[in-house]
Amino acid sequence: MNTPTAPVDEAGIIAAVQAARAAREPLAIEGHGSKRAMLRPVQAARSLSTRALSGVTLYRPAELIISAQAGTPLAEIEATLAEKGQQLIAESPYLNGVFGTSAPPSIGGVVAANLSGPRRITWGATRDHVMGLRFINGAGEAVRSGGRVLKNVTGLDLCKLLSGSYGTLGVITEVTLKVLPAPETSATLLIETPDLASAVAALSAGLGSPFGVSAAAALPQRDRVVAALRLEDFAASVAYRMEKLRGVLGSFGTQRVMEDHESRAFWRGVREVEPLQAMPDEAIWRVSVRPSAGPRIAAAAAAIGGRAMLDWGGGLVWIAAEPSIANHAAISGAARAEGGTAILFRAPESLRLTVPVLPNEAAALAKIGARVKEALDPAGLFNPGQMRAA
């Protein structure tokens with residue numbers, strides 16, 4: 001990819017888009033390039049980066065909102081919030097280890113990819129906390145969607161449309177997010193179970209309890225599976241709820257509690273998919289299914305020599321296996337059979353160019369998507385080929 005143009009303000013982004021439109025040359029859109037290896041390689045003559053659009057533009061701790069330019073590093077946002085005892089709600093991952101890069105993820109990139117961590121199971125995805133966006137459409141026009149207060153939406157919600165569009169609908173220049181107070185402490189209950197089905201049953205029982213589990217994952221080990229359930233809040237509340245949770249889940253297996261420091265480190269590892277990073281040559285798939293189907297997806301991965309870990313109560317299955325067309329077909333087929341979806345999250349460029357990295361959309365949804373694309377980027381300037389072959 002050629003060296004990206006990195007305008008220092010929104011006017012520069014507009015000028016770059018208008019120039020690309022006039023030249024009829026598509027643009028590869030990125031922040032700092034931390035997710036350049038995600039999905040399909042973009043087929044574009046020019047590159048446009050938002051990395052110079054950096055800095056918090058509004059922060060009102062009492063109102064639980066923060067606005068920042070799109071190129072602002074995620075770490076800077078988190079540090080600003082931490083000073084006031086607050087946090088991003090969806091626990092967005094960095095994924096530097098997954099993609100083998102030291103480039104910092106930007107807040108615009110996190111929103112564009114709709115990336116969410118373990119807290120997604122109880123608090124919703126990143127897109128659910130986007131209150132407003134500024135972006136540049138394919139005509140080189142600045143558009144604002146949403147605002148800085150919660151409100152009902154009539155018609156198309158552009159904030160949600162652009163969240164998870166991977167930069168194919170517009171160039172995000174500023175985001176406004178709802179935030180929440182950070183918990184005083186964290187504790188995690190680990191339960192040794194004989195297999196994934198038992199682990200997911202334990203996670204389901206914990207999530208269905210009244211004790212406020214905020215994350216639930218299952219990590220296969222050599223001869224057992226560890227079910228992990230997190231509690232967060234004030235120390236006294238966590239201690240009380242942990243005692244009750246242990247009682248409810250006592251029949252599932254041997255228990256151990258990780259206290260605050262160890263608990264936080266553990267969930268950072270889950271968020272960053274660390275258990276599957278040991279073999280950098282492997283491909284990584286991200287499968288979304290109903291939690292009860294998680295163990296069957298993991299079994300399908302094992303059948304092709306792959307490894308798996310489960311998050312979101314079993315509904316998110318990360319799989320690492322040899323990158324091949326056959327393995328991609330096996331994992332995608334297993335996901336479809338369970339009514340789920342599989343994304344080829346990391347793989348050599350040759351495989352990403354050969355197979356569909358995202359599942360095919362239903363015909364009705366594809367028609368709606370085409371109409372939205374026509375309205376926002378009629379010339380097809382933005383990230384062509386990123387999601388599907390052109």
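Residues: numbered from 1 along the sequence shown.
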*Asks:* Pairing donors with acceptors under 3.5 angstrom, does anything connect the side chains of Ser214 and Arg119?
*Replies:* no

*Asks:* Would the distance check show the side chain of Lys178 and the main-chain N or O of Ile89 forming a donor-acceptor pair, the cut-off being under 3.5 Å?
*Replies:* no

*Asks:* Using only atom types and a distance under 3.5 Å, with no angle test, would you say the side chain of Ser186 pairs donor to acceptor with the backbone of Glu232?
*Replies:* no

*Asks:* Is any side-chain heavy atom of His32 closer than 4.5 Å to one of Pro73?
*Replies:* yes

*Asks:* Do you know which two heavy atoms are closest between Ile319 and Ala308, and how far apart they sit?
*Replies:* CG1-CB, 4.3 Å

*Asks:* In terms of side-chain geometry, is the basic nitrogen of Glu338 or Arg296 positioned less than 4.0 Å from the acidic oxygen of its partner?
*Replies:* yes

*Asks:* Could you tell me the separation between the OG1 atom of Thr5 and the CZ atom of Arg46, rounded to the nearest 0.5 Å?
*Replies:* 8.0 Å

*Asks:* For the residue pair Leu133 and Val175, what are the closest heavy atoms and their distance?
*Replies:* CD2-CG1, 3.3 Å

*Asks:* Search all heavy atoms of Ser288 against all heavy atoms of Leu316 and return the closest pair with its distance.
*Replies:* OG-CD1, 4.3 Å

*Asks:* If you count heavy atoms of other groups shown closer than 6.0 angstrom to CZ of Arg290, is the number above 12?
*Replies:* yes

*Asks:* Checking side chain to side chain contact (heavy atoms under 4.5 Å, CB included) for the pair Val130/Leu177: CA distance, chi angles, key distance, verdict?
*Replies:* CA-CA 5 Å; Val130 177; Leu177 298 165; 3.7 Å; yes

*Asks:* Over all heavy atoms of both residues, which pair between Ser54 and Gln69 is shortest? Give the atoms and the distance, please.
*Replies:* O-NE2, 3.2 Å

*Asks:* Measure centre to centre between the rings of Phe99 and Phe345, then say whether the value is under 6.0 Å.
*Replies:* yes

*Asks:* Is there a side chain to side chain donor-acceptor pair (under 3.5 Å) between Thr173 and Glu10? Walk through the geometry before answering.
*Replies:* CA-CA 7 Å; Thr173 58; Glu10 188 176 81; 2.7 Å; yes

*Asks:* Please tell me if the side chains of Leu64 and Pro181 come closer than 4.5 Å, counting only heavy atoms from C-beta onward.
*Replies:* yes

*Asks:* Answer with yes or no whether the hydrophobic clustering places Val317 together with Leu203; edges join I, L, V, M, F, W, Y residues whose side-chain heavy atoms lie under 4.5 Å apart.
*Replies:* yes

*Asks:* Could you give me the CA-CA distance, side-chain angles and deciding distance for Leu48 and Ile13, then say whether side chain to side chain contact (heavy atoms under 4.5 Å, CB included) is met?
*Replies:* CA-CA 8 Å; Leu48 178 61; Ile13 298 288; 4.0 Å; yes

*Asks:* Does the pair Glu272 and Val98 meet the rule for a side chain to side chain contact (heavy atoms under 4.5 Å, CB included), with working shown?
*Replies:* CA-CA 7 Å; Glu272 302 304 325; Val98 170; over 6 Å; no

*Asks:* Count the heavy atoms belonging to other residues, nucleotides or ligands that lie under 6.0 Å from CZ of Arg21, then report whether that count exceeds 12.
*Replies:* no

*Asks:* CG/Leu115 to CZ/Arg271 distance, rounded to the nearest 0.5 angstrom?
*Replies:* 11.0 Å

*Asks:* Using 0.5 Å steps for rounding, measure from the CG atom of Leu88 to the OG1 atom of Thr126.
*Replies:* 8.0 Å

*Asks:* Tell me yes or no: between the side chains of Ser198 and Asp195, is some donor less than 3.5 Å from an acceptor?
*Replies:* yes

*Asks:* Going hydrophobic residue to hydrophobic residue with side-chain gaps under 4.5 angstrom, can you get from Ile107 over to Tyr166?
*Replies:* no

*Asks:* So, taking the atom named CD1 in Ile343 and the one named CH2 in Trp285, what distance separates them when rounded to the nearest 0.5 Å?
*Replies:* 13.5 Å

*Asks:* Going by distance alone, is a donor N or O of one side chain under 3.5 Å from an acceptor N or O of the other, for Thr188 and Trp267?
*Replies:* yes

*Asks:* Ile191, Leu196: one ILVMFWY side-chain cluster at the under-4.5 Å cut-off?
*Replies:* yes

*Asks:* Say whether Phe266 and Leu95 are linked into one hydrophobic cluster, either directly or through other cluster members, by side-chain heavy-atom distances under 4.5 angstrom.
*Replies:* yes

*Asks:* Heavy atoms only: give me the nearest Val357-Met387 pair and the separation to one decimal.
*Replies:* CG2-O, 3.7 Å

*Asks:* How many angstroms lie between atom CG of Leu231 and atom CZ of Arg241, to the nearest 0.5 angstrom?
*Replies:* 5.0 Å

*Asks:* Take a 6.0 Å sphere around CD1 of Ile325 and say whether it holds more than 12 heavy atoms from other residues, nucleotides or ligands.
*Replies:* no

*Asks:* Can a donor-acceptor pair be found between the side chains of Gln86 and Tyr59 at a distance below 3.5 Å?
*Replies:* yes

*Asks:* Before giving the answer on side chain to side chain contact (heavy atoms under 4.5 Å, CB included), spell out for Ser209 and Lys244 the whole-Å C-alpha distance, their side-chain angles and the decisive distance to 0.1 Å.
*Replies:* CA-CA 10 Å; Ser209 77; Lys244 297 297 184 181; over 6 Å; no

*Asks:* Rounded to the nearest 0.5 Å, how far apart are CE of Met309 and CH2 of Trp318?
*Replies:* 8.0 Å

*Asks:* Looking only at non-hydrogen atoms, find the nearest pair between Gln87 and Leu81 and report the distance.
*Replies:* C-CD1, 3.7 Å

*Asks:* Should Val213 and Val238 be counted in the same cluster of Ile, Leu, Val, Met, Phe, Trp and Tyr side chains packed under 4.5 Å apart?
*Replies:* yes

